[in-house]
Amino acid sequence: MFVGGFYDFIKKHKTVSLFLFLFTFFSLFFVSGFRYQTGWDWPNYTHFFQYVPKQVTKLIQFAQSPSNNYEIGYTFFNFFIKIAGGNIHWVFVAFSFVSIGLVYKSLPKYTPYVFITLLIYLFNFYYLNFSYIRQGLVAAVFLYSLRYIEEGSFLRYSFCVLLGFLFHASAILTLPLYFFLNRRPKKLCYILILLFSFVLSRLHWIEVFLNLITGGNIVLQKFIVTANRFQSDGAAGLSTRFIEFLVVFLFCLYHRGFLTSKFRYFNIFLNCTLVYLAIYLLFNDLKIFVERIGVLFIIGPTFLYPFVLGKVKERYFKAGIYIVIAGIIFIRGVTFLQGSKQKNGAVIESQFLPYKNYLVEIISK
């Protein structure tokens, strides 16, 4: 992937482009689609698949049961896989193929540097195929639907939102963005939004809000319980990746005039990055919320990076910046894959290493 990024700096050849495109796609699909006992979500999704009934009458009852925490689209998808004689591996294969496929379908349309964007995608977005596959699908559908914002087709955009909503309820949060992402407010508005979000986060507005809520309302009580559960996971803090995204955002905001005139979809990804940064700040006290909801909009900074290179004219200078970006991503990616985390006082080892592949397991047996 790293070597392929340099191809963006030279004159393109159709055959070479097609080879790199297909080779990288099937490499990423093979690793995530055929994973075996690898990833944070493996136990939960495997357990759920086992309990999905094969009878339609029982399925309807199961889908409506309070014990079923999964959306109707995902529930029925598991049902169809099961009656077709498949297993949980089929689910992972299908989700990976569609999610990664939608990203690849979007790349040539949205970014001037396809393979550089792919390298950035590896750490900021690709890992969803190993953890939150339903939200990963929603994020991929949201990425694909951005073309309809630029085209002004609310009906098609809404259809994409509905499709994503069938697999994860958080997709509904992308619906109102249709009316914002293609806007061009004054630069000062961007700064004020970020400052306002930062001030609220320092005031711990969520805790204050929870203390003001009175009992008696079932919806509010459920919100309180959920928020308290999220608070137990700790705060997100101001990570180095957030600072990095902020620097890239401010650079692109400063050069917005030039980049907007040169790149058709630049403004959409600039605004999407603002949404991600604002969510990160506003809900900083709820780390799990930032992780679960922020991933929907991380496509913003992921696709915003390459636009930085669009401002640089000298080819060798571009290559130098690319090497620095790749180095940062590599170091952070290795740390992410190898690192362990703590939950409820217990240390949980990396869920990605050692990596296992389903096809390799079958062959070895």
Side-chain angles (χ1 to χ4, degrees), residues 32-33 35 39-49 51-52 59-60 62-82 88 90-103 105-106 121 124-146 148-149 156-178 181 219 222-223 225-227 229-230 233 236 272 275-276 279-280 282-283 286-300 302 351:
S32 62
R35 60 192 170 102
W40 292 325
D41 60 2
W42 175 272
N44 294 333
Y45 285 129
T46 302
H47 180 77
F48 175 77
F49 184 84
Y51 281 90
V52 174
L59 176 67
I60 296 175
F62 176 78
Q64 297 175 344
S65 172
S67 60
N68 179 21
N69 296 320
Y70 293 90
E71 289 75 13
I72 188 170
Y74 183 75
T75 301
F76 273 78
F77 181 76
N78 278 256
F79 166 74
F80 290 125
I81 291 291
K82 206 164 187 177
I88 186 60
W90 289 31
V91 175
F92 291 135
V93 166
F95 268 75
S96 292
F97 185 84
V98 175
S99 296
I100 299 173
L102 287 174
V103 172
K105 180 69 174 176
S106 304
Y121 158 79
N124 290 338
F125 197 166
Y126 175 63
Y127 77 93
L128 295 179
N129 293 286
F130 293 83
S131 51
Y132 313 132
I133 61 171
R134 291 178 298 134
Q135 286 164 296
L137 178 65
V138 171
V141 172
F142 174 52
L143 173 65
Y144 181 85
S145 69
L146 295 180
Y148 301 129
I149 296 179
R156 293 182 177 181
Y157 181 80
S158 300
F159 175 78
C160 291
V161 174
L162 176 61
L163 181 63
F165 182 76
L166 292 176
F167 290 90
H168 202 279
S170 61
I172 197 66
L173 298 175
T174 64
L175 184 62
L177 294 183
Y178 176 87
L181 290 184
V219 176
K222 186 174 181 179
F223 174 79
V225 172
T226 303
R229 178 168 56 85
F230 283 171
D233 290 320
C272 191
V275 173
Y276 174 82
I279 288 176
Y280 192 99
L282 281 172
F283 298 94
L286 306 178
K287 181 180 179 180
I288 188 65
F289 188 92
V290 171
E291 292 177 350
R292 291 298 185 98
I293 303 302
V295 296
L296 297 180
F297 309 106
I298 206 169
I299 61 174
T302 298
Q351 298 296 308

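All of these numbers come straight from a predicted model, not from anything done at the bench. All residue numbers in this chain count up from 1 along the given sequence. Side-chain atoms are counted along with the backbone in the values below, which use heavy atoms only and exclude waters and symmetry mates.
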* To do: Classify the angle between the aromatic ring planes of Y51 and H47 as parallel (below 30°), tilted (30 to 60°) or perpendicular (above 60°).
  => tilted

* To do: State, yes or no, whether a side-chain contact exists between V295 and Y127 at a heavy-atom distance under 4.5 Å.
  => yes

* To do: Taking the side chain as every heavy atom from C-beta outward, state whether Y157 and L177 have any atom pair closer than 4.5 Å.
  => yes

* Asked: Taking the side chain as C-beta and beyond, is there a heavy-atom pair between Y132 and V138 under 4.5 Å?
  -> no

* Hey, does the side chain of Q135 reach the backbone of R292 with a donor-acceptor pair shorter than 3.5 angstrom? -> yes

* To do: Examine distances only and state if a side-chain atom of T174 and a backbone atom of A171 form a donor-acceptor pair shorter than 3.5 Å.
  => yes

* Verify the ring-centre separation between F95 and F77: is it less than 6.0 angstrom? => yes

* Take Y121 and I100 through the side-chain contact (heavy atoms from CB on, under 4.5 Å) test and state the conclusion after the steps. => CA-CA 10 Å; Y121 158 79; I100 299 173; 3.6 Å; yes

* Point-to-point distance, once rounded to the nearest 0.5 Å, from OG of S170 to CZ of F297 -> 8.0 Å

* List the atom of P66, the atom of N69, and the distance in Å for their closest heavy-atom pair. => O-OD1, 3.8 Å

* Below 4.5 Å, heavy atoms only, C-beta onward: do Y45 and I133 meet side chain to side chain? -> yes

* To do: Could you tell me which non-hydrogen atom of Y276 sits nearest to which non-hydrogen atom of G294, and how far apart they are?
  => CD1-O, 3.3 Å

* Once you round to the nearest 0.5 Å, how far does CG of D41 lie from CG of L128? -> 10.0 Å

* Checking R35 side chain against N129 main chain: does a donor-acceptor pair fall under 3.5 Å? -> yes

* Take atom CG of L162 as the centre, draw a 6.0 Å sphere, and report whether it contains more than 12 heavy atoms from other residues, nucleotides or ligands. => yes

* Does the side chain of I88 reach to within under 4.5 Å of the side chain of F48, using non-hydrogen atoms? -> no

* Asked: Between atom CZ of F167 and atom OG1 of T75, what is the distance when rounded to the nearest 0.5 Å?
  -> 10.0 Å

* **Inter-residue atom distance S32.OG - F97.CZ, 0.5 Å rounding** => 11.5 Å

* Heavy-atom count around Y148 OH within 6.0 Å, excluding the residue itself: above 12? -> yes

* Asked: Is the backbone N or O of F142 less than 3.5 Å from a side-chain atom of S145, with the two atoms forming a donor-acceptor pair by type?
  -> yes

* Non-hydrogen side-chain atoms of Y70 and N78 separated by less than 4.5 Å -> no

* Interatomic spacing from CD1 in I149 to CZ in R156 - rounded to 0.5 Å -> 14.0 Å

* To do: State, yes or no, whether a side-chain contact exists between V103 and L143 at a heavy-atom distance under 4.5 Å.
  => yes

* Quick one: closest heavy-atom pair of C272 and L181, and the distance? => N-CD2, 3.6 Å

* Side chains of I81 and F49: closer than 4.5 Å at any heavy-atom pair? -> yes

* **Rounded distance (nearest 0.5 Å) linking atom OH of Y144 with atom OG of S99** => 14.5 Å

* To do: Look at the rings of F76 and F79 and say which category their plane angle falls in: under 30° parallel, 30 to 60° tilted, over 60° perpendicular.
  => perpendicular

